[in-house]
Amino acid sequence: MNKYRSHNCGELTINEKDKKISLSGWINKKRDHGNLLFLDLRDNYGITQCVIENSHSQFKEIEKLALETVIKVEGKVILRSKETINKELNTGEIEVSIVSFEVLGKTKELPLPIFSDQEYSEEIRLKYRFLDLRRKKIHHNIILRSKVISFIRNEMQKLGFLEFQTPILTSSSPEGARDFLVPSRLNPGKFYALPQAPQQFKQLIMVSGFDRYFQIAPCFRDEDARADRSPGEFYQLDLEMSFVEQEDIFEVVEKLMISVFKKFSNKKILYEKFPKITFEETMLKYGTDKPDLRNPLIINDLTEIFKRKDVSFDIFKKLVNKGSIVRGIITKNTKDKPRSFFDGIDKWAKEQGASGLAYFTIEKDSEIKGKGPVGKFFSPDSLSEIMKISNADVGDSIFLACGKKSEVEKILSLARDKIANELKLINNDSFAFCWIVDYPMFEEDEKTKRIIFSHNPFSMPQGNIKNLDFSKPLEIKAYQYDIVCNGIELSSGAIRNHIPELMYKLFLVAGYDKKTVDLKFSGMINALSFGAPPHGGIAPGIDRIIMLLAGEKNIREVTMFPMNQNAQDLMMNAPSEVNDEQLKELNLLIKKNK
RNA sequence: GGGGGUGUAGCUCAGUUGGUUAGAGCGAUCGCCUGUCACGCGAUAGGUCGAGGGUUCGAGUCCCUUCACUCCCGCCA
């Protein structure tokens, strides 16, 4: 017999009628009627109402206990009368008549209430995370996280994957995000880096012949935070497969995502066969490589319209002459929207740093015409052409952006979200997955004009690898793909380049000579030289999957002990200074800044 | 590194064009109450209005500086 409890706070029902039981938990809420006291006892499993009357010798004592005190209650299960049944609780048909109780853990005055739906400042929540985590919603999010991870592990094993751990102390990599560095005591002046992802290790596991690997892998990147990006660390479902093509990986991941999302959410999965969209197409139609396919708005290129003689919108025409492009978003049947709606969008665009969005509505009396500030600049013919290109009807409106390609893409991508939200076009009760495929292998750095890897230097280029044209590197596409859900990038993956000679050639394009590659990626290059299987993989972000399943917009709501935006742990007081002895051992000197 | 928002009681917030002693709800403390489940009723305590400086007869309110939290841009192969 357990010393503290015979049952938990979520399991007593009419089946335990008249039984003598014991419960332990936190005092969630008291309702004190003076001569009769109701006390809700809470633990991980639920809430049970306990009741005590003033005839009891300990009545005055229990009346004084503060909320969140941990107590053990011994008592008898009694049925509630019909009128007093609480249907909100699993245990709502019974209550426990307290025979005796014992205080197990006292509490000081609470810095935040536990029993409340109010929102609290992040500072206080993170400092007292252990209290915050007692609160219902986040408590359940964390339990959901545990269940999802267990389920994924199980599914991966069923799919024939083996789970392995890879080193946490590894080497710094020249590509990618900023590394977290760890000084080495035994090797003065040298540093380990925490892995940004187990990228090289998982490829080495394939070379080692294990065929299918997965890991719920911690990844460390020293980059600034966002709502969906914790500073410091996050988790990926890292997986890699041998002897596969892109489609084989898609098949595994689609199967896994559908089973996870069906098991843990009631929301509808819009496309069970995830649509594949090329990088080029998504940048045109959605302005981003992480499109939210729940949003029906589509971007169209209208640059040619502004080269016509019967269009007199001179501001845009001049810009187009100098090489700018024009793209637009059609909104269906918005002719009756007030002027404030359109001006609001334009004003919002200016706040986002764009030069604004021009707009007009397509109307028709004797002939088609544009109504709105710039509508008069378009001839009926040119309007017909716009309607043809963008599938617009009379009564629809159009928002136009003009500028450099990257600027237009960015503002219209944001505008798609903004306008769809304003017009309530997004169905929140659904998941829309898609694959983004055919990423370019290289891109041009906007500032330096140098050729750089656009994603992963280890990706396999597409085409006949025996005679790739390295003189036009920007035209080379890679077997590189992303999986996106509801506008959130869940993961990048690729078929890897397992041919050292080819890798040297690609690195040379990006400005790394053979010597540098041998030095920086020695482990990798060396391994690929001893019989490497063709292989590829992907690494969906666990935290973002849980966010989607829990319907949360902020990653801290699904992370047990997150850091704040400045990468500080307010509860554990990290990072912190270390003493001189530690520094000396590590051969480190701290430069004092005034 | 840059831009926006917020900062008033333990917690969540209100506080008018600058004007007397800065308020409410929850929580705490004390008292009343035998069927509540956000129990109800009454009282009490609790404030460096984030910090510093300035303008003014007078600043929670206006100005400057600064700090903290947060959202976004940059960054995130």
Can a side chain N or O of [X] be found less than 4.0 Å away from OP1 or OP2 on [N]?
{"X": "A:N566", "N": "B:C69", "value": "yes"}
{"X": "A:Q196", "N": "B:C76", "value": "no"}
{"X": "A:Q565", "N": "B:C72", "value": "no"}
{"X": "A:K29", "N": "B:C26", "value": "no"}
{"X": "A:R31", "N": "B:C39", "value": "yes"}

* Asked: Going by modelled atom types, is there a donor-acceptor pair between the base of B:C75 and the side chain of A:R221 at under 3.5 Å?
  ->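 No pair found.
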
Which of the following nucleotides, [options], is nearest to the side chain of [X]?
{"X": "A:L67", "options": "B:C39, B:C69, B:A28", "answer": "B:A28"}
{"X": "A:D224", "options": "B:C75, B:C72, B:U36", "answer": "B:C75"}
{"X": "A:K410", "options": "B:C72, B:C73, B:C69", "answer": "B:C73"}
{"X": "A:T84", "options": "B:G74, B:U36, B:C72", "answer": "B:U36"}
{"X": "A:R178", "options": "B:C75, B:U70, B:C37", "answer": "B:C75"}

Under 4.0 Å between any heavy atoms, over every strand shown, what does [X] touch: base, sugar-phosphate, or nothing? Just pick one.
{"X": "A:E123", "result": "sugar-phosphate"}
{"X": "A:N564", "result": "sugar-phosphate"}
{"X": "A:F115", "result": "sugar-phosphate"}
{"X": "A:F38", "result": "base"}
{"X": "A:Q49", "result": "base"}
{"X": "A:R556", "result": "sugar-phosphate"}
{"X": "A:E95", "result": "base"}
{"X": "A:N554", "result": "sugar-phosphate"}

What is the distance, to the nearest angstrom, from the [atom1] atom on [X] to the [atom2] atom on [N]?
{"X": "A:L37", "N": "B:G35", "atom1": "CG", "atom2": "C1'", "value": "12 Å"}
{"X": "A:L126", "N": "B:U70", "atom1": "CG", "atom2": "P", "value": "7 Å"}
{"X": "A:I27", "N": "B:C37", "atom1": "CD1", "atom2": "C1'", "value": "16 Å"}
{"X": "A:N28", "N": "B:U36", "atom1": "CG", "atom2": "P", "value": "19 Å"}
{"X": "A:L36", "N": "B:C33", "atom1": "CG", "atom2": "P", "value": "13 Å"}
{"X": "A:N86", "N": "B:A38", "atom1": "CG", "atom2": "C1'", "value": "12 Å"}
{"X": "A:R226", "N": "B:G3", "atom1": "CZ", "atom2": "C1'", "value": "12 Å"}
{"X": "A:R229", "N": "B:C71", "atom1": "CZ", "atom2": "P", "value": "12 Å"}

Please evaluate residues A:S492 and A:D482 with respect to the criterion side chain to side chain donor-acceptor pair (under 3.5 Å), reporting the C-alpha separation (whole Å), side-chain torsions for both, the decisive distance (0.1 Å), and the verdict. CA-CA 4 Å; A:S492 286; A:D482 276 11; 2.6 Å; yes

Which atom pair, heavy atoms only, marks the closest approach of [X] to [Y]?
{"X": "A:R135", "Y": "A:D117", "result": "NH2-C, 4.5 Å"}
{"X": "A:D179", "Y": "A:L194", "result": "OD1-O, 4.1 Å"}
{"X": "A:T559", "Y": "A:I142", "result": "C-CD1, 3.8 Å"}

Any-strand Watson-Crick or G-U partner of [N], both distances under 3.5 Å:
{"N": "B:C75", "value": "none"}
{"N": "B:G25", "value": "B:C11"}
{"N": "B:A38", "value": "none"}
{"N": "B:A68", "value": "B:U6"}

Is there a donor-acceptor contact under 3.5 Å linking the side chains of [X] and [Y]?
{"X": "A:T166", "Y": "A:Q215", "answer": "yes"}
{"X": "A:D438", "Y": "A:Q462", "answer": "yes"}
{"X": "A:Y504", "Y": "A:D513", "answer": "no"}
{"X": "A:N295", "Y": "A:Y286", "answer": "no"}

Does the ring center of [X] lie less than 6.0 Å from the ring center of [Y]?
{"X": "A:F507", "Y": "A:F521", "value": "yes"}
{"X": "A:F250", "Y": "A:Y481", "value": "yes"}
{"X": "A:Y479", "Y": "A:Y439", "value": "no"}

Taking the [atom1] atom of each, how far is [N] from [M], in whole Å?
{"N": "B:U16", "M": "B:U65", "atom1": "P", "result": "24 Å"}
{"N": "B:A38", "M": "B:G2", "atom1": "C1'", "result": "45 Å"}
{"N": "B:C73", "M": "B:G58", "atom1": "P", "result": "46 Å"}
{"N": "B:G19", "M": "B:A59", "atom1": "P", "result": "11 Å"}
{"N": "B:G50", "M": "B:U70", "atom1": "C1'", "result": "15 Å"}
{"N": "B:C26", "M": "B:G40", "atom1": "P", "result": "7 Å"}
{"N": "B:G7", "M": "B:C63", "atom1": "P", "result": "15 Å"}
{"N": "B:G10", "M": "B:G31", "atom1": "P", "result": "24 Å"}

query: With A:R178, which residues qualify under side chain to side chain contact (heavy atoms under 4.5 Å, CB included), at least two apart?
result: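 Counting only residues at least two positions away or on another chain, A:R178 forms a side chain to side chain contact (heavy atoms under 4.5 Å, CB included) with A:D222, A:E223.
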
Are the ring of A:H33 and the six-membered base ring of B:U36 within the stacking cut-offs of under 5.5 Å and under 30°? no

So, with a heavy-atom separation below 4.0 Å from RNA chain B, the residues of residues 487-498 of chain A are none

Pick the nucleotide of RNA chain B nearest each of A:Q199 and A:M563; which residue has the one closer to the 5' end?
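On the 5' side of the pair lies A:M563.
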
Heavy-atom nearest nucleotide on RNA chain B taken for A:E223 and for A:D228; more 5' hit belongs to A:D228

A correct 5'-to-3' footprint of nucleotides 9-14 of chain B, with B, S and - meaning base, sugar-phosphate only and no protein heavy atom under 4.0 Å, is -SSS--

- Task: Would you check, one step at a time, whether the test side-chain contact (heavy atoms from CB on, under 4.5 Å) holds for A:N456 with A:Q480?
- Result: CA-CA 8 Å; A:N456 185 326; A:Q480 165 88 45; 3.7 Å; yes

Discussion item. Closer than 4.0 angstrom, basic N to acidic O: yes or no for A:R134 and A:E68?
Written reply: yes

